[in-house]
Amino acid sequence: WSLKMAGDAVLIPDDRAFSNFKNECNSEDGWNLTYNKSGISVWIQILEEEKSLHKIKCRMLCKDVSAETMYDVLHDIEYRRKWDANVIETFDIGKLTVNADVGYYAWKCPKPLKNRDVITLRSWLPMGKDYIIMNYSVKHAKYPPKKDMVRAVSIQTGYLIQSHGPSSCTLTYLAQVDPRGSLPKWVVNKSSQFLAPKAMKKITKACLKYPDWKHKHNPHYKPWLYPEQSRLPTIPLSELSIQHADSLENIDESGLSEAKDERCEGSDDEGAN
């Protein structure tokens with residue numbers, strides 16, 4: 001499933017799009033394993049060497065987390081602000097259908113890179129015991145690129161959660177993101193060797209603390225499970241268009257070297273919310 005097929009029309013993913021995403025999460029053809037330690041594996045696919053355009057895939061077995069809890073945590077925007085140290089700002093803009101909405105996410109990048117933000121159309125689907133949440137970048141006239149941020153482009157990003165019984169699941173994160181601009185090699189390397197595994201571990205920790213947190217914060221409010229609870233305004237698809245990378249300013253950061261003594265908190269959760 002490719003957006004290029006759709007031209008500029010913004011489409012809400014159909015069942016085929018979800019099953020294609022699931023297949024890619026499970027496939028290892030054409031992927032290079034770059035990290036494999038303590039239950040976390042990371043694969044990279046380099047698409048355009050000179051543009052640092054790549055796909056990244058991380059898979060982690062979570063032994064004490066149910067698929068349902070993982071699904072709730074990845075959806076819960078209030079909770080994300082609490083556990084995701086990379087968030088600068090995140091909010092929902094509006095809903096499109098019972099299982100699709102549009103949101104904004106800005107995150108910190110490793111110094112000295114500029115911080116990034118995205119506007120994405122996100123859709124989700126429980127599939128038997130599995131769950132998928134995926135997104136891609138769109139444009140909305142009320143939320144143009146900001147001066148102090150680089151508007152990144154999610155070509156397709158998402159999560160596949162696969163249940164292994166009541167208290168165990170596998171989380172696969174798949175991202176094809178155009179970070180805009182020529183990034184130095186160390187960023188791509190650092191993403192796969194350090195940032196992605198770290199982000200996965202953080203998500204597991206967040207899952208373990210979620211039931212207690214949720215118990216004290218609107219315990220019954222889960223609009224991703226109960227769409228009738230949603231307080232978001234409905235926005236027409238006509239207000240959105242595809243965010244093409246080539247229409248954005250290109251930033252050349254390829255000459256930047258990694259900041260020394262920088263406690264790296266960069267995100268590889270690139271707009272995955």
Side-chain angles (χ1 to χ4, degrees), residues 58 60 62 65-96 99-111 113-124 131-138 140 142-143 145-146 148-152 154 157-159 161 171 173 175 177 179 191 195-227 229-233 235 262-273:
C58 318
M60 171 177 61
C62 310
V65 176
S66 71
E68 292 75 14
T69 299
M70 178 67 76
Y71 187 58
D72 286 352
V73 166
L74 292 174
H75 266 292
D76 197 324
I77 196 168
E78 294 305 320
Y79 188 52
R80 174 168 284 266
R81 292 188 186 110
K82 181 174 164 44
W83 69 264
D84 184 351
N86 301 311
V87 171
I88 296 170
E89 190 181 7
T90 184
F91 54 86
D92 295 324
I93 293 168
K95 66 181 173 193
L96 299 163
N99 68 328
D101 62 17
V102 176
Y104 174 86
Y105 180 76
W107 73 95
K108 296 173 195 157
C109 283
K111 289 191 172 138
L113 304 179
K114 281 186 161 184
N115 293 331
R116 259 69 180 170
D117 69 355
V118 280
I119 287 173
T120 57
L121 186 158
R122 184 178 61 157
S123 52
W124 55 93
Y131 300 90
I132 290 177
I133 306 173
M134 60 187 193
N135 74 54
Y136 66 87
S137 280
V138 290
H140 190 292
K142 289 185 185 155
Y143 302 94
K146 299 178 174 185
D148 57 338
M149 296 254 179
V150 176
R151 177 67 44 97
S154 163
T157 301
Y159 294 103
I161 305 161
L171 174 66
Y173 167 70
V177 173
S191 291
L195 301 179
K198 189 174 170 190
M200 294 298 256
K201 286 175 195 154
K202 268 194 185 159
I203 290 172
T204 310
K205 272 193 190 145
C207 287
L208 295 172
K209 293 178 180 170
Y210 184 67
D212 279 354
W213 181 89
K214 188 60 178 167
H215 187 63
K216 301 179 186 115
H217 299 81
N218 279 337
H220 303 296
Y221 181 66
K222 295 184 177 182
W224 52 94
L225 296 180
Y226 315 111
Q229 295 181 341
S230 177
R231 304 170 191 148
L232 290 176
I235 51 178
E262 175 60 26
R263 284 298 306 273
C264 187
E265 288 295 335
S267 170
D268 216 305
D269 187 34
E270 298 171 353
N273 183 29

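In what follows, residues are counted from 1 in the order of the sequence shown. Quick caveat: nothing in here was measured; it's all calculated off a predicted structure.
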Derivation and outcome, salt bridge (Lys or Arg N to Asp or Glu O under 4.0 Å), residues Lys222 and Glu68: CA-CA 12 Å; Lys222 295 184 177 182; Glu68 292 75 14; over 6 Å; no
Pair Asp84-Lys202, side chain to side chain contact (heavy atoms under 4.5 Å, CB included): steps then yes or no: CA-CA 8 Å; Asp84 184 351; Lys202 268 194 185 159; 5.5 Å; no
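The distance from atom CD1 of Ile203 to atom CH2 of Trp83, rounded to the nearest 0.5 Å, is 4.5 Å. A distance of 12.0 Å separates OG1 of Thr204 from NZ of Lys209, quoted to the nearest 0.5 Å. Taken from CZ in Arg116 to CZ in Arg151, the straight-line distance is 12.5 Å, to the nearest 0.5 Å. Between Ile88 atom CD1 and Asn115 atom CG the span is 3.5 Å, to the nearest 0.5 Å. Rounded to the nearest 0.5 angstrom, Ser66 OG and Asp72 CG are separated by 8.0 Å. Taking CG of Leu225 as the reference point, atom NE2 of His75 lies at 7.5 Å (rounded to 0.5 Å).
Across all their heavy atoms, Val87 and Lys108 have their closest contact at O-CE, 4.4 Å. Here the closest non-hydrogen pair linking Ser154 and Val118 is N-CG1, 4.4 Å. Closest of all the heavy-atom pairs between Lys146 and Glu89 is NZ-OE1, 3.4 Å. When all heavy atoms are compared, the tightest approach of Cys207 to Met70 is SG-SD, 3.6 Å. Annotation for Trp107 and Ala152: closest pair CH2-CB, 3.8 Å, computed over non-hydrogen atoms. Nearest heavy atom pair, residue Leu232 against residue Asp92, reads CD2-CB, 3.5 Å.
In this structure, His217 contributes its side chain and Trp213 its backbone to a donor-acceptor pair below 3.5 Å. In terms of modelled atom types and a separation under 3.5 Å, the side chain of Gln229 and the main chain of His220 share a donor-acceptor contact. In this structure, the side chain of Arg81 engages the main chain of Thr90 through a donor-acceptor pair within 3.5 Å. Side chain of Asn99 to backbone of Trp124: a donor-acceptor contact under 3.5 angstrom is found.
Sparse packing is recorded around NZ of Lys205, with 12 or fewer heavy atoms of other residues, nucleotides or ligands lying under 6.0 Å away.
Ring geometry, Tyr143 versus Phe91: the interplanar angle falls from 30° to 60°, so the pair is classed tilted.
Residues Asp76 and Lys214 are paired through a salt bridge, judged by an N-O separation under 4.0 Å between the basic side chain and the carboxylate. By the 4.0 Å N-to-carboxylate-O rule, Lys95 lies too far from Asp101 to be salt-bridged with it.
By the 6.0 Å and 45° rule, Arg231 stacks over the aromatic ring of Tyr221.
Contact check for Lys114 versus Asp148: no side-chain heavy atoms found under the 4.5 Å cut-off. Looking only at side-chain heavy atoms (C-beta outward), Leu74 and Leu171 come within less than 4.5 Å of each other.
Donor-acceptor pairing under 3.5 Å is lacking for the side chains of Tyr105 and Asn135.
Aromatic ring centroids of Tyr210 and Tyr79 lie under 6.0 Å apart.
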